[in-house]
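Here the structure comes first, spelled out in structure tokens, and everything after it is commentary.
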Amino acid sequence: MLSTPFRFLLAAISVATAVRGWYPGQDAPGLQRDTAPPSQAAAFEVNMNAGANLQEQTSSKDASDVEFTLENGSPYPHPYQYQRIGSNGPLLLQDTHLLELFGSFDRERIPERVVHARGAGAHGYFEVTNADFCKNFTMMDMLSENGLKTPITARFSTVGGESGSPDEARDPRGFALKFRTRKGVLDIVMNNTPVFFIRDPAKFPHFIHTQKRHPASHLRDKDMFWDYLGSNPESLYQVMRLFSDLGTPQGFRHMDGWTGHTYRWVQNDGTWSYVRLYAQTMQGVQNFTNAEAASISGTNPDFATQDLYDSIQNGTFPGWTMFAQVLSPEAAQSFKYNVLDLTKDWGFDNVAPVEIGKFYLTQNPANYFAEIEQAAFSPANMVEGWAPSADPVLQARLFSYPDAHRYRLGVNHKQIPVNAPVNAVANFERDGHMNINGNQGSRPNYLSTLDKIKLPPRAYADETHQQWTGGAVASLSAVTEIDFDWPRIFWNGLSAQDQQNLISNVVGHLGAAPTYSVRQRMASIFNYANSTLGQAIADGVGVKVVNLTFPGGPTWFNVTKDPVGSTLDY
């Protein structure tokens with residue numbers, strides 16, 4: 001039952017309510033609203049970007065110039081301090097500082113890249129040196145005038161290793177460039193090799209799985225490694241490059257880069273040409289032998305990262321010269337190789353490279369995580385005059401790369417400073433996690449007729465841009481005689497010492513694969529490319545060569561096959 005004083009209190013409240021008609025939150029005593037005069041209200045404005053701008057400025061200050069605070073900006077006396085009951089009592093969960101400290105610490109790591117996890121990078125600029133040539137083929141603003149400098153960020157990486165793996169592992173190297181052009185961000189994703197292991201995109205996850213860890217042992221597995229390569233012989237040229245000394249470059253500064261994929265340069269009238277880009281190191285190509293790479297991996301697994309950082313820090317800025325190889329659609333039809341095949345090099349003797357510019361790396365990141373780990377490169381980031389080709393692996397990467405960044409960094413990853421365009425962005429994409437750039441303000445979030453957004457002129461007529469024939473097919477390319485052309489060219493171009501190193505490197509790795517059939521199949525594929533090479537490897541890994549045959553076939557269109565149970569039919 002209610003006490004007598006409490007009943008009197010309720011009665012008084014009831015009377016007051018009946019007389020005044022108030023209720024909590026609506027003109028209650030002590031909560032009556034005070035409206036500021038219009039002149040004063042108009043003079044005050046909340047700057048929604050003030051905090052973000054100040055934090056960005058603060059990030060560049062020395063520790064001696066800032067004062068320790070909690071996440072909300074409240075000063076806090078000491079970072080080691082925490083609350084507990086008495087001198088020996090338990091911790092208190094009311095301690096905001098300790099909760100923030102461990103809550104942030106537990107979430108410091110974002111998912112690493114599934115591929116290209118181990119890498120380093122820097123900033124610099126690209127300068128056009130041959131605009132007259134470029135303007136014959138493309139409307140790209142970035143290439144429109146000699147001397148035009150575009151800010152860039154570069155990231156170099158191994159492919160298969162985790163973020164803690166050694167820089168000098170035998171592996172291809174990623175070579176990605178982010179151009180902050182006046183007409184948007186252009187990402188050109190390259191490798192230090194002109195080709196790759198696959199030309200069928202559905203093979204990529206399978207291939208990467210075999211280069212990582214066994215699902216049971218969680219160890220690198222040489223049977224997995226060679227079983228895939230031996231059952232997909234279109235990879236042989238890349239395999240031979242990988243197991244030559246090119247597979248262990250002397251850091252990132254001493255390697256060249258290729259787009260690998262074929263892209264298209266497009267003109268204002270819709271005409272276009274096929275193009276591949278090649279970056280030649282000004283430092284000269286230098287590689288480690290297998291023994292040198294193994295030694296350095298054990299003594300300094302960060303060798304390439306340190307070499308790049310130190311060279312920029314001491315003012316020895318690394319540079320590369322960028323070349324373009326251009327083919328007309330008509331020339332591509334009669335070209336020796338399918339220009340959309342990622343396993344085929346164009347060859348400088350076949351398509352002469354022409355210099356278009358130079359780029360230099362002149363600035364180390366002030367914060368590696370913010371500027372390199374969060375750098376999101378994607379071939380889907382294109383600008384006018386640069387377009388994809390019908391290369392199926394490239395087409396798959398147009399989805400896979402930005403999808404990976406949405407997973408790792410969030411849907412608004414292009415608002416992260418390192419990924420942000422330097423020209424205005426205006427569209428109808430809103431909200432989502434970590435939207436920090438004002439969310440495009442109060443503009444309509446749909447195509448409005450009341451507040452119309454400006455639409456740029458169409459660059460060219462799409463209906464005449466590319467023409468296709470035929471319908472949809474379930475495609476898987478077959479291995480034919482042409483797939484052994486570049487392995488033979490590569491072998492014949494090696495010196496006697498480089499040939500011996502290639503044999504030795506393959507024998508040392510393939511010989512550790514425990515399964516005889518895996519070793520035999522791979523040695524037989526090498527033998528099909530060159531009998532001296534194949535027999536030496538077969539002898540080294542203790543197998544007998546099996547004679548293989550591969551059919552001839554067209555070079556322009558991939559031969560589409562219908563596998564029965566397996567892609568292995570040789």
Side-chain angles (χ1 to χ4, degrees), residues 113-117 157 159-160 171-172 174-176 187-191 193-212 224-225 227-239 241-242 258-264 274-277 332 337-346 376-382 386-408 466 468 470-480 482-483 486 553-569:
R113 293 167 171 87
V114 177
V115 290
H116 298 283
S157 58
V159 174
D171 207 2
F175 194 129
D187 287 343
I188 299 182
V189 291
M190 310 168 73
N191 281 325
T193 170
V195 293
F196 201 61
F197 299 89
I198 66 168
R199 58 174 173 241
D200 297 293
K203 290 184 178 182
F204 186 74
H206 297 260
F207 165 68
I208 292 299
H209 286 167
T210 66
Q211 310 303 293
K212 289 187 173 287
M224 286 201 320
F225 184 98
D227 183 39
Y228 175 87
L229 297 175
S231 58
N232 295 275
E234 71 270 26
S235 65
L236 185 60
Y237 177 35
Q238 176 62 79
V239 172
R241 292 185 65 94
L242 176 62
W258 288 262
T259 56
H261 290 297
T262 301
Y263 291 85
R264 288 180 295 129
Y274 288 115
V275 63
R276 287 187 176 185
L277 299 185
Y337 307 110
N338 179 352
V339 299
L340 306 180
D341 186 345
L342 184 54
T343 68
K344 301 294 182 294
D345 194 352
W346 283 10
F377 299 89
S378 168
N381 286 338
M382 298 187 181
W386 177 270
S389 71
D391 177 344
V393 179
L394 173 57
Q395 296 282 320
R397 294 176 84 183
L398 295 179
F399 163 77
S400 180
Y401 274 58
D403 188 55
H405 301 320
R406 294 184 191 103
Y407 158 67
R408 293 184 65 244
Q466 270 192 305
W468 307 104
V473 297
S475 179
L476 174 62
S477 66
V479 178
T480 65
I482 196 70
D483 288 311
W486 271 104
T555 60
W556 171 240
F557 293 105
N558 289 338
V559 177
T560 298
K561 59 179 294 182
D562 185 14
V564 180
S566 171
T567 60
L568 187 64
D569 59 0

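For the single chain, residues carry numbers from 1 onward in sequence order.
Ion pairing between Arg199 and Asp483 holds under the 4.0 Å rule for side-chain N and carboxylate O.
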His116 and Asn191: side-chain contact (heavy atoms from CB on, under 4.5 Å), yes or no, with the steps? CA-CA 11 Å; His116 298 283; Asn191 281 325; 3.8 Å; yes
Could you walk me through whether Lys203 and Leu476 pass the side-chain contact (heavy atoms from CB on, under 4.5 Å) test, one step at a time? CA-CA 10 Å; Lys203 290 184 178 182; Leu476 174 62; 3.8 Å; yes
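Here CE of Met190 is found 11.5 Å from NE2 of His261. Values are rounded to the nearest 0.5 Å. Interatomic distance, Lys344 NZ to Glu234 CD, rounded to the nearest 0.5 Å: 8.0 Å. In this structure, CG on Asn381 lies 13.0 Å from CH2 on Trp386, to the nearest 0.5 angstrom. Remark: Leu236 CG to Phe197 CZ distance equals 10.5 Å, nearest 0.5 Å. A distance of 11.0 Å separates NE2 of His206 from OG of Ser231, quoted to the nearest 0.5 Å. Once rounded to the nearest 0.5 Å, the distance linking OH of Tyr237 with CZ of Phe196 reads 14.5 Å.
In this structure, the side chains of Leu340 and Leu394 stay at 4.5 Å or more apart for every pair of heavy atoms. When side chains are defined from C-beta on, Arg241 counts as touching Pro194, because their heavy atoms get closer than 4.5 Å. Looking only at side-chain heavy atoms (C-beta outward), Pro172 and Leu242 come within less than 4.5 Å of each other. Put simply, the side chain of Pro201 does not reach to within 4.5 Å of the side chain of Gln395, judged on heavy atoms. Residues Gln211 and Val159 are not in side-chain contact: their nearest non-hydrogen atoms beyond the backbone lie 4.5 Å or more apart.
Nearest approach of Ile198 to Leu342, heavy atoms of both residues: O-CB, 3.5 Å.
Side chain of Thr259 to main chain of Leu277: a donor-acceptor pair is present (N/O by atom type, distance under 3.5 Å, no hydrogens or angles). Trp486 places a side-chain N or O within 3.5 Å of a backbone atom of Asp345 that can act as its donor or acceptor partner. In this structure, Asn232 contributes its side chain and Tyr228 its backbone to a donor-acceptor pair below 3.5 Å.
In this structure, a donor-acceptor pair under 3.5 Å is absent between the side chains of Ser378 and Asp187. Looking at Ser389 and Arg264, their side chains never bring a donor and an acceptor atom within 3.5 Å of each other.
Residues forming a salt bridge (charged side-chain N to carboxylate O under 4.0 Å, His left out) with Asp171 (at least two apart in sequence, or on another chain): none. In this structure, the salt bridge (charged side-chain N to carboxylate O under 4.0 Å, His left out) partners of Asp227, at least two apart in sequence or on a different chain, are Arg521.
Relative ring orientation between Phe204 and Phe207 is described as tilted, the plane-to-plane angle lying within the 30° to 60° band.
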